[in-house]
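What follows is a set of notes on a single structure, which appears directly below.
For the numbers below, each heavy atom of this structure counts, side chains included, while hydrogens, waters and symmetry mates do not.
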Amino acid sequence: MTIQLYNTLTRKKEEFVPVTEGEVKMYVCGPTVYNYIHIGNARPVIVFDTVRRYLEYRGYNVKFVSNFTDVDDKIIKAANELGEEVPELTERFIQAYFEDVGALGCKKADMHPRVTDHIQDVIDFISLLVEKEYAYESDGDVYFRTRKFDGYGKLSHQSIDELKVGARIQASERKQDALDFVLWKAAKEGEISWSSPWGEGRPGWHIECSVMARQLLGDTIDIHAGGQDLTFPHHENEIAQSEALTGKTFARYWMHNGYINIDNEKMSKSLGNFVLVHDIIQQIDPQVLRFFMLSVHYSSPVNFSQDLVESAANGLDRIRTAYQNVEHRLAVSADNGDQHDIWLHKIQQQQTAFEEAMDDDFNTANGIAVIFELARLANVYLLEKNTEKVVLEAFLNTFNQLMSVLGLPFKEKEELQDEAIDRLIEERLEARKNRDFARADAIRDELKEQGILLEDTAQGVRWKRS
RNA sequence: GGCGGCAUAGCCAAGCGGUAAGGCACGGGUCUGCAACACCCUUACCACCGGUUCGAUUCCGGUUGCCGCCUCCA
């Protein structure tokens with residue numbers, strides 16, 4: 001069985017075959033760090049973290065690189081407004097980024113390169129393009145000669161002549177052709193800058209990804225990913241720069257995630273409806289946010305609203321509860337017997353179903369459906385009087401494996417550390433034995449106030465936090 | 001103008017040639033001292049109109065309605 005994935009380049013689902021067997025080189029375009037990230041920025045991070053996790057689950061050795069754009073117009077503007085130096089500002093938001101996506105369960109990439117650490121590489125890269133006459137200097141700027149690159153438009157499936165009539169293309173006196181894009185920008189007075197053969201300046205936006213991907217992963221990478229909007233022009237330009245230089249395929253598979261809407265409206269600065277991860281995770285369990293995003297296929301748009309997140313929270317709760325209930329049974333009453341084969345088989349079937357879902361273009365929505373089925377099976381199993389240790393353990397193990405792929409690990413089993421609560425639970429047990437239900441219910445209510453929910457089962461009292 | 005996406009139950013969302021997974025919410029039942037957890041049951045003319053096919057939610061064409069991209073927005 002192989003993984004199929006939708007490749008923006010070919011507009012088809014293709015079998016995934018990495019250049020080197022067993023190894024995946026993956027590059028995901030990261031944020032421009034001039035503010036806290038919003039949930040729209042978080043989607044690709046979550047989605048491609050999950051892709052990476054699944055590839056690893058599948059046994060691939062994944063080299064995962066995600067960059068920071070730490071110098072550009074917006075950053076310079078923000079730094080000016082805040083009266084802060086650029087490096088200071090970017091460092092601050094890079095740390096905030098790690099905190100935010102860490103909370104969302106995203107692993108760190110193997111490398112998080114920053115443009116400003118690769119200035120010389122950028123200059124070398126551009127110099128080679130100039131040598132090959134794919135680029136030219138003009139008044140301190142350096143531009144890419146778009147028309148000279150044959151495949152331009154192959155990713156976004158735009159014909160170069162249609163682009164010409166596009167609404168927003170702006171001619172510039174410095175450009176030879178309106179379609180050319182900037183590789184190196186001459187510095188304006190007082191701007192942060194580096195010396196180059198073309199004078200003081202800084203890298204253009206697109207060049208950094210080409211440079212760092214090549215530097216860290218080589219001429220040809222397996223998967224290049226990012227938000228849908230990056231398809232054009234960003235990724236199109238990356239292809240042009242890289243392939244013009246190396247003459248080799250830059251990236252074999254291109255993956256793009258869909259957008260997030262807020263209450264059915266596009267999230268945008270001008271509407272003022274963007275939601276910062278930093279803020280929202282104060283109110284919403286970050287795992288719920290992640291679960292919510294993964295309940296939709298990554299390429300579809302997803303709508304964000306209070307109601308939708310709440311219903312996702314309820315769903316995740318159901319899975320967590322099932323898990324805890326199995327844990328409880330294992331701790332309290334696990335038998336040995338010989339009735340386990342059929343159940344072990346059912347559990348195995350779910351794992352296979354999960355893999356089939358994920359093999360199909362990382363269909364996390366279907367993967368989650370399988371986990372719900374696993375939860376249902378676990379609950380049904382717990383209805384049995386005699387439950388076997390091997391089966392209970394198999395449930396836990398499978399839950400753990402599948403949820404780890406989604407980056408949604410279960411919390412460690414908690415021991416009640418509070419003696420007062422312990423005593424109340426004991427007292428309630430006694431009260432129930434004496435059929436003093438008024439007292440028993442009073443205790444249950446009291447604990448509920450404290451966020452401890454009690455559940456009576458045939459195997460004793462079970463508790464969980466609300 | 002060009003390129004593309006989407007329209008499936010009250011809501012969310014899979015499926016993409018053999019008359020519809022899953023979740024949330026609602027209702028009914030079972031379990032429980034009562035609850036909770038849970039289990040079972042119930043709930044869909046798959047936007048509209050044509051066509052292809054033995055058969056279409058799934059393919060093709062058209063219509064309507066949303067949405068994205070077309071040089072620096074994830």
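- Within 4.0 Å of A:R444, counting heavy atoms only, lies at least one base atom of the nucleic acid.
- Atom name C1', nucleotides B:U19 and B:A56: the rounded distance is 9 Å, in whole Å.
- Spacing between atom CD of A:Q459 and atom C1' of B:C31 amounts to 13 Å, rounded to whole angstrom units.
- Comparing B:C39, B:G33, B:A14 by their closest approach to the side chain of A:N366 singles out B:A14.
- Pair assignment for B:G22: B:C12, on the basis of Watson-Crick or G-U wobble contacts that are both within less than 3.5 Å.
- Ring orientation note: the planes of A:F410 and A:Y323 are close to parallel, at an angle under 30° on the 30°/60° scale.
- Taking the six-membered ring where tryptophan is involved, the planes of A:W254 and A:H256 are essentially parallel, since the angle between them stays under 30° and well short of 60°.
- Residue contacts for A:N363: at a heavy-atom cut-off of 4.0 Å it reaches the sugar-phosphate backbone alone, with no base atom in range.
- Rounded to whole Å, the separation between the C1' atoms of B:G29 and B:G65 comes to 42 Å.
- Note on A:R202: nothing from the nucleic acid sits closer than 4.0 angstrom, heavy atoms only.
- Closest approach to the A:A369 side chain among B:A21, B:G33, B:U71 is made by B:A21 (side chain taken as heavy atoms from C-beta onward).
- Using a 4.5 Å cut-off on side-chain heavy atoms (C-beta onward), A:Y27 and A:D222 make no contact.
- Within the 4.0 angstrom heavy-atom criterion, base atoms lie near A:R462.
- Heavy atoms of A:G258 sit under 4.0 angstrom from at least one base atom.
- Here the nucleotide nearest the side chain of A:L383, chosen from B:G23, B:A38, B:C73, is B:A38.
- The nearest whole Å value for the distance from the CZ atom in A:F437 to the P atom in B:G33 is 7 Å.
- If you check every strand for non-hydrogen atoms under 4.0 Å, A:S299 touches nothing.
- Nucleotides B:A47 and B:A7 are separated by 6 Å at their C1' atoms, to the nearest Å.
- Residue A:L308 has its side chain nearest to B:C11 when only B:A14, B:C37, B:C11 are considered.
- Using a 4.5 Å heavy-atom threshold, the side chains of A:D70 and A:V86 count as separate.
- For B:C59, the paired nucleotide is B:G51, the pair qualifying as Watson-Crick or G-U wobble because both relevant distances are below 3.5 Å.
- Between the NZ atom of A:K464 and the P atom of B:C37 there is a distance of 6 Å, given to the nearest Å.
- Looking at heavy-atom distances under 4.0 Å, A:V182 makes contact with a base.
- Between the CG atom of A:N303 and the P atom of B:C11 there is a distance of 13 Å, rounded to whole Å.
- A distance cut-off of 5.5 Å between ring centres, combined with a plane angle under 30°, places A:Y259 in a stacking arrangement with the base of B:A74.
- Across all strands, A:I260 comes closer than 4.0 Å to base atoms (heavy-atom distances).
- Nucleic acid contact class of A:H206 (heavy atoms, under 4.0 Å, all strands): none.
- Using P as the reference atom, B:U57 and B:C49 are 12 Å apart when rounded to the nearest Å.
- Between A:F93 and A:Y36, the distance separating the two ring centers is shorter than 6.0 angstrom.
- Side-chain to base pairing of A:D229 with B:G68: no donor and acceptor N or O lie closer than 3.5 Å to each other.
- In A:K413, the NZ atom is crowded: over 12 heavy atoms of neighbouring residues, nucleotides or ligands sit closer than 6.0 Å.
- Each of A:N314 and A:K74 has a nearest nucleotide on RNA chain B; the 5'-most of these lies closest to A:N314.
- Spacing between B:C59 and B:C54 at atom C1', rounded to whole Å, works out to 16 Å.
- Here the two rings, on A:H206 and A:H235, have centers that are 6.0 Å apart or farther.
- What separates CG of A:L382 from C1' of B:U32 is a distance of 17 Å, to the nearest Å.
- Taking atom P on both B:G28 and B:U42, the two are 16 Å apart, rounded to the nearest angstrom.
- Residue A:Q158 has its side chain nearest to B:G2 when only B:G33, B:U71, B:G2 are considered.
- Side-chain atoms of A:D317 and base atoms of B:C37 include no donor and acceptor less than 3.5 Å apart.
- If you check B:A74, B:G23, B:U71 against the side chain of A:F372, the one that comes closest is B:G23.
- Protein atom CG of A:N325 is 6 Å distant from nucleotide atom C1' of B:C37, rounded to whole Å.
- With respect to A:F125, the side-chain contact (heavy atoms from CB on, under 4.5 Å) criterion is satisfied by exactly one of A:V122, A:D121, A:L129: A:L129.
- Atom C1' of B:A36 sits at a distance of 12 Å from the matching atom of B:C31, rounded to the whole Å.
- Using a 4.0 Å heavy-atom cutoff across all strands shown, A:K448 reaches no nucleic acid atom at all.
- Following rounding to the nearest Å, A:I160 (CD1) and B:G1 (P) show an atom-to-atom distance of 23 Å.
- Between the NZ atom of A:K12 and the P atom of B:G5 there is a distance of 14 Å, rounded to whole Å.
- Residues A:F68 and A:Y97 place their aromatic rings such that the two centres sit under 6.0 Å apart.
- Within the nucleic acid shown, A:L453 has no heavy atom closer than 4.0 Å to any nucleic acid atom.
- Nucleotides B:A25 and B:C60, compared at atom C1', are 39 Å apart to the nearest Å.
- Nearest to the side chain of A:R318, among B:A74, B:G33, B:A38, sits B:A38.
- Listed nucleotides: B:A14, B:C39, B:U71. Nearest to the side chain of A:S300: B:A14.
- B:C6 and B:G65 make up a base pair, with Watson-Crick or G-U wobble contacts both under 3.5 Å.
- Considering only side-chain atoms of A:S311, the nucleotide from B:C40, B:C70, B:C24 that sits closest is B:C24.
- Figure legend. B:C39 is base-paired to B:G29; pairs are counted as Watson-Crick or G-U wobble with both atom distances under 3.5 Å.
- A sub-4.0 Å separation between OP1 or OP2 of B:U32 and a side-chain N or O of A:R432 is absent.
- Cation-pi check for A:R52 over A:F64 is met; the charged atom lies under 6.0 angstrom from the ring centroid and within 45 degrees of its normal.
- Candidate nucleotides B:C37, B:A74, B:C39 were compared by shortest atom distance to the side chain of A:M267, and B:A74 ranks first.
- Here A:I371 lies out of heavy-atom contact (under 4.0 Å) with every strand.
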